[in-house]
Structures are given as C-alpha cells and as structure tokens.
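Report on the structure given below.
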Number of protein chains: 2
Amino acid sequence: MNINGKHFRTVWLNENDPQVVNIIDQQILPHRFVIKKLHTVSEVVHAIHDMHVRGAGLIGATAGYGMYLATIEAAQTKSFDEHLNRSAKEIAAARPTAVNLSWAVNRQLTAIDTRKPVSEKIKIARDTAIAIADEDAEHCRRIGMHGVKIIEAISKKKNGAPVNILTHCNAGWLAFVDYGSATSPVYEAYQRGINVHVWVDETRPRNQGAGLTAWELLNHGVPHTVIADNTGGHLMQHGMVDMVITGADRVTRVGDAANKIGTYLKALAAADNNIPFYIALPSSTFDWMISDGLKEIPIETRSADEVKYVEGLCDNEIKKVLITPLGSEAINYGFDVTPARLITGLITERGICNASENDILQLFPEKS
Amino acid sequence: MNINGKHFRTVWLNENDPQVVNIIDQQILPHRFVIKKLHTVSEVVHAIHDMHVRGAGLIGATAGYGMYLATIEAAQTKSFDEHLNRSAKEIAAARPTAVNLSWAVNRQLTAIDTRKPVSEKIKIARDTAIAIADEDAEHCRRIGMHGVKIIEAISKKKNGAPVNILTHCNAGWLAFVDYGSATSPVYEAYQRGINVHVWVDETRPRNQGAGLTAWELLNHGVPHTVIADNTGGHLMQHGMVDMVITGADRVTRVGDAANKIGTYLKALAAADNNIPFYIALPSSTFDWMISDGLKEIPIETRSADEVKYVEGLCDNEIKKVLITPLGSEAINYGFDVTPARLITGLITERGICNASENDILQLFPEKS
C-alpha cells in the first residue's frame with residue numbers, strides 16, 4: 001500500500017542490488033520509517049527473531065527471500081547442500097510458533113532440490129521467493145475484493161454516510177506482503193471512494209493497533225481513530241460501529257478463531273448489539289486438523305514485562321516506562337479464541353462463508 | 001488499609017498540627033509513596049483539581065476537610081461568611097462532575113451556619129469533616145461485611161482453593177477514605193484468612209488498575225496479578241475467574257451501572273461464561289432520578305492525549321511516551337454503561353440485592 005503516495009510492499013528485492021533484500025523496519029514504527037537492508041541469512045534470521053518483520057504472511061515471505069540469500073551463500077562454499085540445509089534450519093527456527101516460516105522454507109527446499117547447476121538453483125530460489133510474496137499479496141487482494149461487497153452494502157444502506165469499521169491488532173499490510181487481511185476490504189473500499197472510517201483498538205499489551213494499524217491507515221490516507229481496547233463496547237451500544245473485521249492466527253475447521261487477546265470481548269459486544277463480526281483470513285490460516293478452538297488451540301504466554309512496561313517515543317528516543325508497581329505480578333496471554341457462534345462470516349481469498357464446518361467446506365471442498 | 005503493615009487512610013488531620021490536612025499523593029503512585037500536607041483552601045482545591053486525590057468518596061472527604069481549613073482562614077478576615085462562601089465555591093468547582101464534592105461542601109455550609117461564635121464554627125467544621133470521612137469509611141466497611149459472604153461461599157465450594165476475583169479500574173480504598181467499594185469484600189476475605197487472588201485490569205487509558213489497585217493490594221499483602229484489559233475474557237473461558245466485582249460512578253434506580261470504560265465488556269464475558277458479576281457501591285452512588293442508564297447517563301469525553309501517551313517510570317523519573325503516530329486521531333470516552341440484565345447483584349452498605357428496581361427499593365424503601 002502507499003506511504004506518502006508511493007507504493008511499497010513490506011519485503012522486496014533491492015532495485016539496485018538484487019542480492020539484497022529490503023524490508024520496512026517494523027521495530028521502530030510508528031515513530032520512524034526506515035528501510036532496512038538484509039545482506040545475509042544471519043541478518044534475515046535476526047530480522048525475523050527480533051520482529052523487524054512480523055505477521056504470519058510477512059515472515060513466510062521474508063523466509064522465502066532468506067532462502068534465496070542462502071543459495072547465494074551456499075554457492076560460495078564447497079558443500080552447497082550442507083550449507084543450504086543449515087541455513088534452512090536457522091531460518092525456520094527464528095520464531096518457533098509461526099507455521100508460515102517452516103512452510104516457506106520447505107517450499108524453497110523442495111523447489112531448489114534439483115540436479116541443475118548451482119546458478120540455476122539460485123535462479124529457482126529467487127523466482128520461488130518472488131512467487132511466495134506474490135501469492136501472499138494476491139490472496140490478500142482477493143480477500144479485499146470479496147470483503148468490500150459487505151462494506152459497499154452498508155454504505156448504500158447508510159446513503160453514503162461513513163461506514164464505521166472496528167478492528168483489533170494489526171492484520172494490515174504490514175503483517176503480510178501487501179493489502180493485509182482485515183484491512184484489505186477497507187483499502188479496496190477507500191480505493192472505490194466509499195466513505196469509510198476505522199476504529200483502531202490500540203491492542204495492549206504490544207500496541208500493534210496504535211503503532212502499526214494506525215500508521216498504515218494514516219500513511220495511506222484512510223480516516224481512522226485510535227481507541228483504548230476498553231472502548232469498543234460503548235461505541236457499539238451507541239450505534240457508532242457498523243461492522244467489525246479482524247484477522248486470525250488460527251481458525252479451526254468449524255470456524256473457531258484464535259486471534260490477538262481481546263478479540264473475543266469485541267465479538268461478544270458485537271453479538272450483544274447485532275453488529276456483524278467478520279474474520280478475514282487467507283486459507284493458509286485454517287488448521288484443518290482441529291475443530292474445538294477453545295480446547296485445541298494452544299495459547300502463547302509471553303513476557304510479563306510487555307504488560308508492566310509500555311514502549312513509545314519520549315524526547316525523540318524510543319523508551320520504556322513502568323506502569324505497575326515493580327513488585328506486582330503480571331501475566332501476558334497473547335491470544336484468545338472467539339467461538340464460531342459469535343462470528344458472522346469468514347472472508348477468504350475464495351469468498352465469504354459462514355463460520356460453520358459445512359459452509360467452510362463448501363468453499364474448500366478438497367478439505368472434506 | 002495497610003502500607004507495609006501500618007494502617008493509613010487516604011486523608012486525615014495531621015497528628016502534630018490539626019490545622020493541616022494530610023493526603024496520600026496519588027498523582028505519583030505507584031512509583032512513589034508521599035504524604036502531602038495541605039495547609040490552605042487553595043492547596044486543597046489544587047489537590048482535587050490536579051488529582052492528587054481522586055475517587056468519588058475521597059474527593060468528598062477532602063472537600064469536607066477543605067471546608068474546615070476555610071473556617072480557619074475565614075476567622076482571620078473581617079467577613080467570615082463572605083470568605084467561607086467564596087471558599088465553598090472554589091472547592092465545589094475544583095472538579096465539575098463529581099457529585100460528592102458539592103454534597104460535602106453543602107453539608108459543611110449547613111452545619112457551620114449557626115449563630116455560634118467563630119471558634120465554635122471552626123470546631124463544628126472540624127467535627128463535620130471527620131464525620132464525613134468516618135461515614136465514608138463505615139459505608140465501605142459494611143460493603144465488605146456483606147460482600148465477603150459471597151467470597152466465603154465460593155471458597156467453601158472450592159474447598160479453600162484460591163477464589164479468583166477480577167476487578168476493573170480502582171474502586172479501592174484509594175478512591176475512598178478506607179476499605180474501598182469493590183475491594184472491601186476482598187480485604188475482609190483476606191482478613192479472615194480466605195485464600196483470595198485478584199486479577200487487576202490495567203484499565204487503559206489512565207491505568208488506575210495497574211497503578212493504584214495493584215499498589216493497594218501489593219502494600220496490603222493481597223495476592224494479585226496485573227493483566228491487560230483484553231485478557232479477562234480468555235481467563236473466564238478457561239475457568240480462571242470465580243467472580244467479578246467492580247465499583248460504579250452512577251447507578252440508576254433500575255440497576256444500570258456507569259463505571260470506567262470497559263466494564264461492560266467484562267460483564268458480557270462474565271454472562272457468557274456464567275460467572276457472577278457484582279457492582280459494589282455506597283448508596284450515595286445511586287441516581288434515584290433516572291432509570292435508563294444508556295440513554296440518561298452522560299459519558300465524559302476526556303483528552304485524546306491520555307490514549308496517545310502513556311505515563312510511567314523511566315530512569316527514575318515519571319515520563320510520558322507516545323504510542324501512536326503523532327498524526328493519528330484518538331478519542332477517549334471515560335465510562336460505559338453496563339445494563340442491569342448483566343449484573344448479578346449490587347453490594348451496598350445495607351446489603352446485597354438484585355439489579356432491579358423492585359429489589360433495590362426493598363433495601364432503600366424511602367426512595368419508593
């Protein structure tokens with residue numbers, strides 16, 4: 001999407017030196033916009049591990065480019081395969097829970113594993129990296145084309161008055177290669193001249209809404225307002241929210257959706273006020289092996305310091321402030337599960353369906 | 001309640017100089033514990049206005065002591081009544097929305113308005129200030145004696161395993177003179193040796209939970225864990241919350257309760273998981289004139305900067321960090337309304353009742 005009118009992706013090959021991978025450094029957003037150059041596998045691993053890139057789609061794509069750099073490095077050693085496999089393991093281990101990482105690495109290993117000469121292998125790795133990124137962007141683009149119909153219908157019903165969309169966390173283009181999942185219908189609506197306004201949950205404790213979603217929308221020009229996570233229920237009670245769209249980290253085959261902690265509370269408020277609640281996701285987010293989200297999806301516990309300290313800009317430096325007594329305990333669950341019964345629909349690259357096993361399988365019959 | 005084993009109230013007459021009012025300075029909690037001395041009416045007004053004291057009960061009590069200081073100052077002028085009335089207006093205007101402020105000032109004016117000599121008036125003002133504070137503490141103590149029965153019953157049912165109580169914002173002793181409303185049953189349970197543990201919502205945007213409730217519980221020795229406001233639903237889904245108790249800012253005669261923004265979301269999650277949800281309040285919090293909370297209780301909009309900036313301790317100084325892009329809009333609603341249908345019961349100084357007009361009026365028949 002656009003930053004000050006210029007189109008960017010979150011990861012791409014450097015225009016002047018195609019052996020260098022460019023990323024938008026998300027660790028210092030929203031306070032500074034810096035394009036970071038990754039020259040080596042080691043730099044790719046650190047970028048993923050230290051969350052200079054984050055979001056399921058984006059770390060998959062970055063891993064794909066990392067494997068391309070791995071072939072270049074391997075070509076300079078005596079044992080191409082041994083070096084490549086070591087790099088593959090390092091990249092896949094950069095973050096342990098994200099399924100896209102090992103998926104992208106394995107796709108590259110399968111593609112590169114040919115009898116062709118090394119120079120050909122490097123070309124295959126580059127083409128595969130580009131293909132992974134392009135597919136991610138294309139899936140997100142299609143989510144937007146399907147989801148925009150819901151926004152269009154609300155806009156017509158409101159005679160062009162602003163359609164107020166609430167979102168939680170960052171399922172924006174910064175979490176993917178382009179467009180995003182939850183934000184893609186919003187960007188498409190904006191593109192079509194539909195009057196949209198986004199309520200951005202700040203999304204404590206890591207503030208991905210306040211920091212990343214707000215920054216995306218601001219730079220693309222989409223009207224938005226940041227709110228404390230506590231606020232959505234009040235807005236819904238007073239007719240100030242027309243629909244909710246969030247992303248998801250894992251969705252079961254019956255439609256239970258794990259997403260950033262707090263999503264469930266917004267789904268409850270939407271249901272209590274008869275407001276449609278949608279989850280937008282590329283189909284890679286489905287976990288076809290499980291049904292009961294509450295029982296079967298493991299919930300990550302992160303550092304308590306993310307609750308006790310808040311990071312932000314102070315005196316032109318990025319600093320952390322302590323907001324609790326030093327001696328108080330805190331706990332930090334990363335996700336919660338919204339039961340399918342609270343979800344109006346799932347917006348995927350193949351279309352929109354109800355959050356039920358039957359309806360999901362009608363869109364994805366090969367998973368029956 | 002206790003700070004490092006020593007009993008404190010939030011406001012009291014200085015032991016060595018009874019013409020000085022002591023307060024716990026809440027503006028710098030939880031990072032520093034400082035007792036601030038108020039010598040003049042002007043200092044009382046500033047302490048209330050700048051939130052060195054806050055909370056409905058506490059600002060009422062502080063206003064009572066302020067009026068006592070006003071009689072001392074008035075005695076040194078030529079026109080006692082004129083000076084006293086000017087002070088009364090200044091104190092009542094220190095914060096515009098809090099009903100306890102003008103209530104305490106008017107109670108003092110009525111008490112002082114006698115034909116007695118000035119020295120007698122000063123004594124009356126001092127006695128009335130102490131009475132206002134004592135009554136506030138006594139009402140809160142009684143809330144604890146009634147509410148503890150609910151905790152005791154859960155504790156028995158759990159065979160002494162920890163009773164997990166979730167609370168939102170600070171309706172603790174720091175918001176009153178002693179005990180608090182929502183926390184009073186917790187302190188009483190702790191006093192009786194019941195195994196209790198409190199989940200403390202941090203309560204963005206002003207973090208009264210992370211800053212004040214956690215500090216109270218820590219200093220009194222009550223086990224507690226600070227959580228992001230997003231977390232309560234997940235805890236409830238997984239059987240980790242036995243009951244919710246919050247305070248309230250205004251409760252209608254049918255039991256709709258305005259409280260800190262986000263309370264409604266926790267009430268929805270409690271209802272969805274069959275967890276009892278209680279509001280604890282002294283009867284002064286009832287607004288007997290209104291019924292429909294959603295339509296009739298005005299909701300304060302506060303500065304957007306409270307959303308955009310977070311205050312805390314950094315390098316041993318209290319600093320603010322920016323967490324959004326500078327150019328993004330934010331909005332800050334202070335309260336939301338929890339409909340009576342989501343409230344299991346109201347814990348008052350007269351006992352516990354259902355959140356319905358009929359049941360409330362059985363406890364308060366004089367309001368029929």
Side-chain angles (χ1 to χ4, degrees), chain A residues 30-31 200 202-205 207 210-211 214-215 217-219 223-235 237-238 260-266 268-269 272 294 299 304 307-315 318-325 327-333 335-337, chain B residues 30-31 200 202-205 207 210-211 214-215 217-219 223-235 237-238 260-266 268-269 272 294 299 304 307-315 318-325 327-333 335-337:
Chain A
H31 306 298
V200 180
E202 64 174 340
T203 320
R204 282 282 291 150
N207 296 332
W215 185 85
L217 295 170
L218 181 70
N219 280 284
H224 65 284
T225 308
V226 179
I227 49 175
D229 300 309
N230 285 321
T231 310
H234 171 74
L235 298 177
Q237 285 178 315
H238 290 274
K260 187 62 52 192
I261 190 90
T263 304
Y264 165 56
L265 294 172
K266 295 304 140 63
L268 284 169
D272 198 46
L294 271 172
I299 300 298
V307 176
K308 296 183 71 169
Y309 294 84
V310 177
E311 194 173 274
L313 198 69
C314 174
D315 303 334
I318 292 171
K319 289 190 172 168
K320 278 184 188 176
V321 294
L322 173 69
I323 63 162
T324 65
S328 285
E329 300 283 326
I331 197 159
N332 182 6
Y333 294 101
F335 307 93
D336 63 19
V337 172
Chain B
H31 307 298
V200 180
E202 65 175 338
T203 320
R204 282 281 291 149
N207 296 331
W215 184 85
L217 296 170
L218 181 72
N219 280 285
H224 65 284
T225 308
V226 180
I227 49 174
D229 300 310
N230 286 321
T231 309
H234 171 74
L235 298 176
Q237 285 178 316
H238 291 274
K260 188 61 53 192
I261 190 91
T263 304
Y264 165 56
L265 295 171
K266 295 302 141 61
L268 285 169
D272 198 46
L294 273 171
I299 301 297
V307 176
K308 296 183 72 169
Y309 294 84
V310 178
E311 194 173 274
L313 198 68
C314 174
D315 305 333
I318 292 170
K319 289 190 174 170
K320 278 184 188 175
V321 294
L322 174 69
I323 62 162
T324 65
S328 286
E329 300 283 327
I331 198 159
N332 183 6
Y333 293 102
F335 307 93
D336 63 19
V337 172

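What you are looking at is a predicted structure, and each value in this text was computed from that prediction instead of being measured. Just so it is clear: chains get the letters A, B, ... in the order the sequence lines come, proteins before strands, and each one is counted from 1.
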Which atoms of A/Ile318 are under 4.5 Å from chain B, going by heavy atoms: the side chain, the backbone, both sets, or neither? neither

Side-chain touch B/Arg204/B/Val310, heavy atoms, less than 4.5 angstrom: yes

Please examine the side chains of A/Lys266 and B/Leu265, heavy atoms only from C-beta on, and report whether any two atoms are closer than 4.5 Å. yes

Can you tell me which portion of A/His31 sits under 4.5 Å from chain B's heavy atoms? Options are side chain, backbone, both or neither. side chain

Between A/Lys308, A/His238, A/Lys260, the one whose heavy-atom pairs under 4.5 Å with chain B are most numerous: A/His238

What part of A/Asn219 gets within 4.5 angstrom of chain B, counting heavy atoms only: side chain, backbone, both, or neither? neither

Looking at A/Cys314, A/Gly211, A/Gly262, A/Pro325, which one has more heavy-atom pairs under 4.5 Å with chain B than the rest? A/Pro325

Between chain B and each of A/Ala214, A/Ser328, A/Ala269, count heavy-atom pairs under 4.5 Å; write down the option with the most. A/Ser328

Contacting moiety of B/Leu217, where chain A heavy atoms sit under 4.5 Å: neither

Best-contacting candidate, A/Ile331, A/Asp272, A/Val321, against chain B by heavy atom pairs under 4.5 angstrom: A/Val321

Pairing residues for B/Tyr309 by the ring pair (Phe, Tyr, Trp, His ring centres under 6.0 Å) criterion, not counting sequence neighbours: none

Could you tell me whether a side-chain N or O of A/Gln237 sits under 3.5 Å from a main-chain N or O of B/Leu294, the two making a donor and an acceptor? no

With a 4.5 angstrom heavy-atom cut-off, is it the side chain or the backbone of A/Lys320 that approaches chain B, or both, or neither? backbone

Just so I know, are the side chains of B/Tyr333 and A/Ile227 near enough to count as touching, which here means a heavy-atom distance under 4.5 Å? no

Chain B heavy atoms under 4.5 Å from A/Leu218: which part of the residue, side chain, backbone, both or neither? side chain

Can you list the residues that meet the side chain to side chain donor-acceptor pair (under 3.5 Å) rule with A/Asp229, with sequence neighbours excluded? B/Asn230

Measuring only between side-chain heavy atoms, which start at C-beta, is A/Thr263 closer than 4.5 Å to A/Asp336? yes

Do you know the tightest heavy-atom contact between B/Ile323 and A/Pro30? O-CG, 4.2 Å

Proximity breakdown for A/Ile299 and chain B, heavy-atom pairs closer than 4.5 Å: side chain

